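Single-structure report; data block below.
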Amino acid sequence: LQGEVPMAGSKNAALPILAATICAPGRYTLHNLPDLLDVHVFLQVLEALGATVSPLANGTATVDTSGIRCADPQPPKDLVSKMRASVLVMGPLLGRCGRAEVTMPGGCSLGARPINYHLAGFEAMGAQLVPHNGTIMVDAARGLHGADIDLPFASVGATENLLMAAVLAQGETVIRNAAREPEVTDLGEFLVAMGAHIDGLGERDIRIHGGAPLHPVEYTVIPDRIEAGSYLCALANTGGSGRITRCRPEHFTELLRVLEEAGCRLTVGDTWVELQAPPTLGAVGLCTGPYPAFATDHQPLWMSCLTTAHAPLGFEIILETLFESRFNQVAPLKELGADIEVLSQVACVRPVSTLRPGTIAATDIRGGMGLVVAALRIPGTTRITQLHHLQRGYSQLTEKLEALGATARYCSNCDSPAPIAAVAG
Ligand code: EPU
């Protein structure tokens, strides 16, 4: 691959920021929203709760949350089951309406994904949990109060949900062992722009002085570091050279380190990265972890690069520590000829000289993109089905791949020969 592609706004920052518009009634203008399925579903969630939403155009949408119906603070089940991030409306609804009701969220299947830390945090702030017809009802009719919350794990979603509840609670909340991901910090900056008083964003402990009056704002979402890593891995895996623009390289330094160790030449600017890859990458093992460690969302992308890398020991190890089941991509990669063994949260990749084309199914957003990264190196046409996973997380995927010189098409019947990869639905 060769060429230049711009990165979209961050999905995982956009979703909590959309949720946070519930915190104070009024009209918000949001820029750099990525045009992808999850954002559209989240806008529908807000509409179903009573907000007025303008269509997303060139990355900008307006959301007016004046009409949020507090009498029925429950997003529709069918939307919640599509996307895990819909659970993020709980904190803002609880703070604004004194009540929230949500069914167990859906989303990518990465093993057990409980929300016990979110719920325990709400309870510490004075809410009561009431089981109700298979849904989770959280009640804080007498209002939320500040609390000292020590998260057992630096959960991204729990930190975000509790941050949004805490700005609406009376008094001071401390979230200890908070997630430090850039998306959490972006949500915090958005709340600060709305008038919230928050100290320690990006640090282990976040201190929120709740109860400050909040107002709607205009805001620009940060670029998507996971998309950036996806295209860098695509360039790296094809021995390519190119530039990704409109990104924040300081948000994915661990991936850059791994790419460099694997033999890529990198030039890093403030908002762009240029990469020149060797014909065959060196194999680099890694362990995922909470930010700033290697992102779990980048893991399937790098695994694809490993499948045909040069490994002096004959193998390399990936240790996944975030999710109990985040090797969904292994089975389809093996169908393409990869040699990978998984034992619990450890994957042992024995690189082979080349993978072969085939028809495989995407299993989740990042695993699906990992398959695209693998397919791009395979001579011939590889078909990837279950594309809704990719559409949830990647905007203009085929356009961007084609801008880099790949042949990538969404089609119901991809029979025409393609030089590098076809993405079929
Ligand atoms: N966990 C609990 N209890 C909780 C919350 C989390 O046990 O109450 C556990 C989870 O089961 C998991 C670990 O903690 O094992 C980490 O989960 P976390 O809450 O940090 O993840 P998340 O908020 O569910 C977000 C992203 C994911 C990304 C992870 C980790 C969004 C919408 N999703 O999920 O992104 O992988 O953080 O960085 O922000 C994706 O974009 O494809 C994606 C899956």
Side-chain angles (χ1 to χ4, degrees), residues 8-20 34 36-39 41-42 45 80 82-91 102 104-124 129 136 138 149-164 175 177-187 221-222 224-230 251-252 254-255 288-301 320-326 328-329 344-345 362-370 388-395:
S10 161
K11 165 178 88 75
N12 290 348
L15 300 178
I17 285 172
L18 285 170
L36 41 81
L37 202 55
D38 274 15
V39 166
V41 171
F42 211 99
V45 168
V80 176
K82 281 187 191 164
M83 190 180 51
R84 185 179 169 77
S86 45
V87 76
L88 294 173
V89 299
M90 281 184 113
V102 180
M104 263 315 274
C108 284
S109 169
L110 310 173
R113 295 180 74 182
I115 55 166
N116 51 329
Y117 307 155
H118 306 228
L119 298 178
F122 294 145
E123 273 187 306
L129 307 185
I136 307 153
V138 192
I149 300 165
D150 199 349
L151 290 176
F153 183 84
S155 154
V156 170
T159 305
E160 291 169 344
N161 232 339
L162 297 174
L163 198 50
M164 292 184 278
I175 306 175
N177 194 26
R180 294 181 287 166
E181 271 68 2
E183 295 79 12
V184 177
T185 301
D186 204 33
L187 167 67
V221 172
I222 55 168
D224 197 316
R225 69 190 166 109
I226 310 302
E227 189 193 30
S230 306
H251 289 164
F252 45 92
E254 263 305 287
L255 179 79
T288 66
Y291 190 81
F294 193 94
T296 174
D297 288 347
H298 282 152
Q299 175 267 109
L301 309 161
E320 169 61 53
T321 67
L322 263 290
F323 291 105
E324 64 174 21
S325 166
R326 205 178 195 165
N328 294 328
Q329 75 277 17
S344 182
Q345 280 163 265
T363 52
D364 58 83
I365 303 176
R366 310 305 169 187
M369 191 60 190
H388 58 277
H389 291 295
L390 282 162
Q391 288 162 342
R392 286 188 53 202
Y394 291 90
S395 59

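What you see is a predicted model; the values in this text were computed from it and never measured. Atoms within each ligand, like the ligands themselves, are counted from 1 in listed order.
With respect to the salt-bridge test (charged N to carboxylate O, under 4.0 angstrom), the residues R225 and E183 qualify. Here R84 does not pair with D38 in a salt bridge; the nearest charged N to carboxylate O distance is not below 4.0 Å.
Distances from atom 5 (C) of ligand 1 to the heavy atoms of G367, G121, S325, P114 show the closest one on P114. Of all the listed residues (Y291, Y117, F323), Y117 holds the heavy atom that lies closest to atom 9 (C) of ligand 1. Here atom 30 (C) of ligand 1 lies nearest to T296 when heavy atoms of I115, T296, D224 are compared. Taking only non-hydrogen atoms, the option from G368, G157, G393 nearest to atom 23 (O) of ligand 1 is G157.
In this structure, R84 has a heavy atom closer than 4.0 Å to ligand 1. Residue contact check for ligand 1: A158 places no non-hydrogen atom closer than 4.0 Å to it.
In this structure, M164 and L88 approach most closely via the heavy-atom pair CE-O, 3.4 Å.
The proximity of H118 to ligand 1, defined as any non-hydrogen pair under 4.0 Å, involves the side chain as well as the backbone. Here Q299 has no heavy atoms under 4.0 Å from ligand 1, in either its backbone or its side chain. Under 4.0 Å from ligand 1, the heavy atoms of D297 that appear belong solely to its side chain.
Close contacts of ligand 1 with K11, meaning ligand atoms under 4.0 Å from a residue heavy atom, involve 40 (C), 41 (O). Residue-ligand proximity, R326 to ligand 1, at heavy-atom distances under 4.0 Å covers atoms 36 (O), 42 (O), 44 (C). In the vicinity of L322, heavy-atom distances shorter than 4.0 Å reach the ligand 1 atoms 12 (C), 13 (C), 15 (O), 16 (C).
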### Query
Checking side-chain contact (heavy atoms from CB on, under 4.5 Å) for the pair V89/F42: CA distance, chi angles, key distance, verdict?
CA-CA 10 Å; V89 299; F42 211 99; 3.8 Å; yes

### Query
side-chain contact (heavy atoms from CB on, under 4.5 Å) between L15 and M83: does it pass, once the steps are laid out?
CA-CA 10 Å; L15 300 178; M83 190 180 51; 4.2 Å; yes

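In terms of polar-atom proximity, defined here as any N/O pair under 3.5 Å, E324 makes no such contact with ligand 1. Checked by distance only, ligand 1 and I365 stay at 3.5 Å or farther apart across all their nitrogen or oxygen atoms.
A donor-acceptor contact shorter than 3.5 Å is absent between the side chain of D224 and the backbone of A8. T288 places no side-chain N or O within 3.5 Å of a backbone atom of F294 that could act as its donor or acceptor partner. Listed for the D297 side chain is no donor-acceptor partner under 3.5 Å among the backbone atoms of R366.
Under 3.5 Å, the side chains of T296 and E320 contain a donor-acceptor pair of N or O atoms.
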